[in-house]
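Counting starts at 1 for both ligands and their atoms, in listed order.
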Amino acid sequence: MPNAIITGWGKCVPPAVLTNSDLETLTDTSDEWITTRTGIKERRISHVENSDMSAVAAQHALAAAGLEPTDIDLIIMATCTPDRMLPSAGTMVQAKIGAAKAAAMDLNAACSGFLFALSTADQMIRAGSMRRVLVIGTEKLSYWLDFTNRATSVLFGDGAGAVVIEASDEAGGLLAFELGSDGTAGDLLCAPGTGTEGSPLDIQAPSILMEGPDVFRRAVVAMGDSSARVIEKAGLSLEDIDLLIPHQANVRIIDATARRLGLDPAQVYVNIASYGNTSSATIPIAITEALEEGRIRPGSTLVFAAFGGGFTWAAAVYRWGSRTAPLGISGAALPPTEATALELLQPNVAVHGKGV
Ligand code: ACO
């Protein structure tokens, strides 16, 4: 049975930056509240579609793996904000990058989507049915922002991350993983107006609703406990873990999860200040930046953990392979824009109104 090793990685974050000070002009909030309650200083607002960001991240991941798009057997696109429900975002990305030999599909497990997709890819490779899989996590959550709801509008941002996973004889890969869901509490974090419920005559503007404190408590328990279980399942102990790369929803959730596990803050990767919560994109963006910063080394033992709408949660122990440098560099980039983040958000304000 082959191992499944990450051989390529990449990200795409759109250029328009929405700062906490910008948010003060849209809703009744403050830089001080957002910084102390969430750890977020700024986030990106996309001027392009989900599949455009995905295609750029994918091209960087392919170059890092030294592969052509036609080398890919399968694209798994983790997202809850696809351009359209039909065709899928995965097939749109396939067309945009020219991955003509790949099957493509979407997978929605909200903020846990990347880890659901990564473990699916791992199992298909280990079973021998696929050799090279492109796993992408991308969100354009800004589309749903409602600035009359300050409890959610300050949290989210846009972005994309991608990895290439290949069948390999090299040691490493996913040593253990756990996926979980609890649909009975789904209404505590949901996005009405984003699907087919109700009548087309009553179409409502999409927005995210969340019972923040309840979600917070559940996230800490689920991420902490599932991480502990996968470490045990892998036959490892805390001392073996080099770096925890958690879903970036709130720095207080990340700190509490690390404390619950007994990990030192130096063993935890955090970049939420720059991007906010980009849902399924947070972990692949964090993997890419951790590699760029030298925080992942050959043979590093990593723990990934996530919690999101559904509810869904996931944790995995991943042992990095021997290569931490990209084989190639892609020049892929988004088209430039002169628009500011506040200008890009004008349609949201027109639909929902301002919250101040
Ligand atoms: N600015 C200023 N004040 C605010 C804001 C804001 N943006 N938002 C809420 N407040 C106020 C509240 O109204 C409340 O005021 P009150 O005491 O006068 O009633 C006070 O701040 C405290 O509100 P809480 O909701 O209790 O604040 P909390 O510390 O819980 O932080 C937060 C809220 C950031 C949402 C937190 O609960 C959280 O991070 N929850 C989990 C998020 C998460 O993990 N989501 C999962 C993934 S998302 C996905 O799947 C797409």
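In Arg84, the CZ atom is not crowded: 12 or fewer heavy atoms of neighbouring residues, nucleotides or ligands sit closer than 6.0 Å.
Backbone and side-chain nitrogen or oxygen atoms of Ser279 are examined, and none is located within less than 3.5 angstrom of a nitrogen or oxygen of ligand 1.
Shortest contact from atom 1 (N) of ligand 1 to any protein heavy atom: Thr29 OG1, 2.7 Å. In terms of protein heavy-atom proximity, atom 43 (C) of ligand 1 is nearest to Val215 CG1, 3.7 Å. The protein non-hydrogen atom at the shortest distance from atom 24 (P) of ligand 1 is Pro213 CG, 4.1 Å. Of all protein heavy atoms, the one closest to atom 38 (C) of ligand 1 is Asn250 ND2, 3.6 Å. Closest protein heavy atom to atom 44 (O) of ligand 1: Ile253 CD1, 3.2 Å. Counting protein heavy atoms only, atom 47 (C) of ligand 1 is closest to Cys111 SG, 3.3 Å. Among all protein heavy atoms, the one lying closest to atom 12 (C) of ligand 1 is Arg150 NH2, 3.9 Å. For atom 23 (O) of ligand 1, the closest heavy atom belonging to the protein is Trp33 CZ2, 4.4 Å.
For ligand 1, the atoms sitting less than 4.0 Å from at least one non-hydrogen atom of Val154 are 7 (N), numbered in the order shown with element in parentheses. Ligand-side atoms of ligand 1 in range of Ala151: 8 (N), 35 (C), range being under 4.0 angstrom from any heavy atom. Interface atoms of ligand 1 facing Arg252, defined by a heavy-atom separation under 4.0 Å, are 29 (O), 31 (O). For ligand 1 and Arg37, the ligand atoms under 4.0 Å from any heavy atom of the residue are 28 (P), 29 (O).
A salt bridge is absent between Asp83 and Lys140; no separation between the charged side-chain nitrogens and carboxylate oxygens falls under 4.0 Å. Between Asp31 and Lys41 there is a salt bridge, since at least one side-chain N of the basic residue sits less than 4.0 Å from a carboxylate O of the acidic one.
Residue contacts with ligand 1 for Ala249 involve side-chain atoms from C-beta outward but no N, CA, C or O (heavy atoms, distance under 4.0 Å). Of the heavy atoms in Thr38, only side-chain atoms (C-beta onward) come closer than 4.0 Å to ligand 1. Counting heavy atoms under 4.0 Å from ligand 1, residue Ile34 does not touch it at all. Heavy atoms of Thr27 found under 4.0 angstrom from ligand 1: none, in either backbone or side chain.
In this structure, CD1 on Ile165 lies 11.5 Å from CE on Met124, to the nearest 0.5 angstrom.
Hydrophobic clustering (side-chain heavy atoms under 4.5 Å, transitive across Ile, Leu, Val, Met, Phe, Trp, Tyr) keeps Val48 apart from Val13.
Among all heavy-atom pairs drawn from His47 and Pro335, the shortest one is NE2-O, 2.7 Å. What you find for Ser300 and Asp242 is that their closest heavy atoms are CA-OD2, 3.4 Å.
The shortest separation from a heavy atom of Glu139 to ligand 1 is not under 4.0 Å, leaving the residue out of contact.
At a threshold of 4.5 Å between non-hydrogen side-chain atoms, the residues Pro82 and Met92 do not count as touching.
A donor-acceptor contact under 3.5 angstrom links the side chains of Asn50 and Thr79, judged on distance only.
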